[in-house]
Amino acid sequence: MDIISLLQYDFVHRAFLVGVFVSIISGTLGLFLVLRKMSLLGDGLAHVSFGAVTLGLFVGIYPYTISIPLTILGALLMVYLNHKARVYADAAIGVVSAASIAAGVILASKSKGFNTDVMSYLFGNILTVRIDEVIVVAVLALGVVTVVIHYYRVLFATTFDEEYARTLGIHTQAVNAVLVTCTALTIALCIKVIGAFLISSVLIIPAVTALQLGASFKRTLIYSVCFALISMIGGIMLSLLTNTPTGATIVLVHVATLGAVLTVMRVR
Amino acid sequence: MNKKPLVAISHLSVSYHDQQAVSDISFEIYASDFVGLAGPNGAGKTTLLRTILGLEKPTHGSVSLFGKDQKEFRAWHTIGYLPQQKTSVNHLLPATVEEVVALSIPDSWDRRTVRESVRAVLNELGITHLSHKLFSTLSGGQKQRALLARALVTKPALLFLDEPSAALDPQARDTFFALLKKLNKEQGTAIVLVTHDAGYVGAYANKLLYIDTHLIYFGDFAHFCQSEQMNKYFGPHDHHIICHQHT
């Protein structure tokens with residue numbers, strides 16, 4: 001089947017639509033995460049979210065109902081361990097994510113027949129997204145963009161020089177809490193689309209690609225969103241054409257885009 | 001004196017893990033003061049500065065800024081701060097000099113004023129040509145001037161500088177200090193300059209704040225140089241070294 005015929009299906013429209021919204025979120029949040037050396041946060045929170053989804057399936061309630069608050073809680077626990085209990089940030093992420101995934105595995109092993117559902121959250125499938133899920137991700141994208149535009153200077157100042165930002169009267173811990181909460185929400189709402197295993201790469205790679213261009217911060221932020229959009233749309237199209245798993249194809253297109261930009265920058 | 005102090009420190013002590021870094025220090029800083037904050041390594045100079053700026057919590061005592069208790073103080077843009085070169089800047093972040101300078105400006109300023117203020121301060125410091133360059137690609141001296149522009153862009157009434165001359169060559173250092181002197185004389189900006197070299201700052205500062213965990217001396221530089229007590233405390237040689245550039 002060619003791409004024109006595929007474009008007539010509603011599930012394809014929904015996939016592209018949710019892909020656009022996920023890209024806007026990942027391109028924006030990802031840059032702040034990468035620059036604040038919090039790249040691993042996405043990975044850790046995806047594990048927390050996976051554990052929470054498994055718990056939801058185990059007790060028989062809609063997984064998002066439980067995964068959203070638990071993922072936010074996990075994110076704040078990581079921040080708490082880092083700031084108050086003097087645990088290094090990467091170690092705090094490791095502790096919380098390992099505990100969550102272990103709990104998820106135990107719950108899955110005790111379950112009767114929801115292992116197929118669990119697999120769909122591990123690897124994601126953008127082609128099975130429902131319209132209500134598209135709306136939820138669109139609202140999240142709007143929220144993230146609004147926060148970044150409204151608090152642009154605060155986020156930028158905190159990312160450039162956290163200590164100096166404090167001397168400007170900026171509550172940097174609150175900024176960090178907002179950033180990790182937005183990331184937690186993104187992960188919790190998007191693992192069905194991309195999958196727990198792959199979502200952190202979608203958050204990180206567009207930002208890393210944009211950083212290769214050596215532009216100003218504002219432009220880098222715009223480039224990051226653009227690379228996220230190009231790779232997401234390209235990935236969905238390629239997976240439809242080649243009939244490969246969509247989440248994995250999207251990630252590989254992200255990696256290919258990074259590779260292409262690295263090559264071009266080196267040649268220049 | 002009828003003037004209100006810009007900074008009023010009262011019996012301030014700061015400890016880290018039961019180790020006293022600053023002990024029972026009191027002093028006041030007024031508009032047009034140019035204070036050299038000096039002392040040996042580990043004397044608590046940077047800790048004192050960081051406590052005034054709200055980066056460290058006092059164990060005892062109080063800090064008052066522009067007549068307000070530090071906890072209630074909100075007009076942070078009226079205070080400029082140039083941290084030590086090696087501190088917390090994220091060199092990974094691809095920000096232009098213009099973007100770095102503008103980050104000190106409160107959100108309440110309109111875009112045009114922000115643009116004009118950034119242009120004016122870059123021009124004043126002679127680094128307009130760097131405005132579109134990435135901060136991470138600048139030399140040590142250029143970075144220092146960009147960070148000074150960041151501290152000055154809001155035209156603060158009070159400016160704190162922590163070992164500002166460390167990254168500068170002698171010529172750039174003289175230009176830098178001449179600029180501070182001009183700000184102090186012409187705009188009445190109060191300046192507190194942390195240095196381990198009290199002798200060097202003697203050419204510019206009119207007051208000396210010398211600490212060694214506790215307060216050793218605070219007052220006019222001229223008075224310090226005439227003080228028999230200080231002569232005895234430092235010994236004639238060191239006292240002369242500190243004072244020889246002060247006129």
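Numbered from 1 within each chain, the chains take letters A, B, ... in sequence-line order. In this text, all values refer to a predicted model and were calculated from it rather than measured experimentally. Worth knowing before you read on, the calculation uses all heavy atoms, side chains too, and leaves out hydrogens, waters and symmetry mates.
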A quick test of your reading: do over 12 heavy atoms of other residues, nucleotides or ligands sit less than 6.0 Å from [atom1] of [X]?
{"X": "A:Y88", "atom1": "OH", "result": "no"}
{"X": "A:Y151", "atom1": "OH", "result": "no"}
{"X": "B:K181", "atom1": "NZ", "result": "yes"}

For [X] versus [Y], what's the shortest heavy-atom pair and its separation?
{"X": "B:L103", "Y": "A:A157", "value": "CD1-CB, 4.0 Å"}
{"X": "A:G169", "Y": "B:W76", "value": "CA-CD1, 3.5 Å"}
{"X": "B:N90", "Y": "A:L35", "value": "ND2-O, 2.7 Å"}
{"X": "B:A102", "Y": "A:R153", "value": "O-CD, 4.4 Å"}
{"X": "B:L55", "Y": "A:E163", "value": "CD2-O, 3.5 Å"}

Measure [X] against the heavy atoms of chain A and call it side chain, backbone, both or neither at under 4.5 Å.
{"X": "B:R74", "result": "neither"}
{"X": "B:I79", "result": "neither"}
{"X": "B:F135", "result": "side chain"}
{"X": "B:L53", "result": "both"}

What residue in B:A151, B:S104, B:A95 has the most heavy-atom pairs under 4.5 Å with chain A?
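The answer is B:S104.
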Find the one option among B:T137, B:V100, B:T96 whose heavy-atom pairs under 4.5 Å with chain A are most numerous.
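Of B:T137, B:V100, B:T96, B:V100 has the most heavy-atom pairs under 4.5 Å with chain A.
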I need the residue from A:F160, A:F156, A:F217, A:Y152 with the largest number of non-hydrogen atom pairs under 4.5 Å to chain B.
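If we count pairs closer than 4.5 Å to chain B, A:F160 comes out on top.
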Find the one option among A:K218, A:R219, A:R166 whose heavy-atom pairs under 4.5 Å with chain B are most numerous.
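Highest number of pairs under 4.5 Å: A:R166.
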Nearest 0.5 angstrom please: A:R36 CZ to B:L92 CG, how far?
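Those atoms lie 12.5 Å apart.
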CG on B:L93 to OG1 on A:T220, rounded to 0.5 Å
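If we round to the nearest 0.5 Å, A:T220:OG1 and B:L93:CG are 8.0 Å apart.
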Heavy-atom contact with chain B under 4.5 Å, split by part of A:L211
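For A:L211, the contact with chain B is made by the side chain alone.
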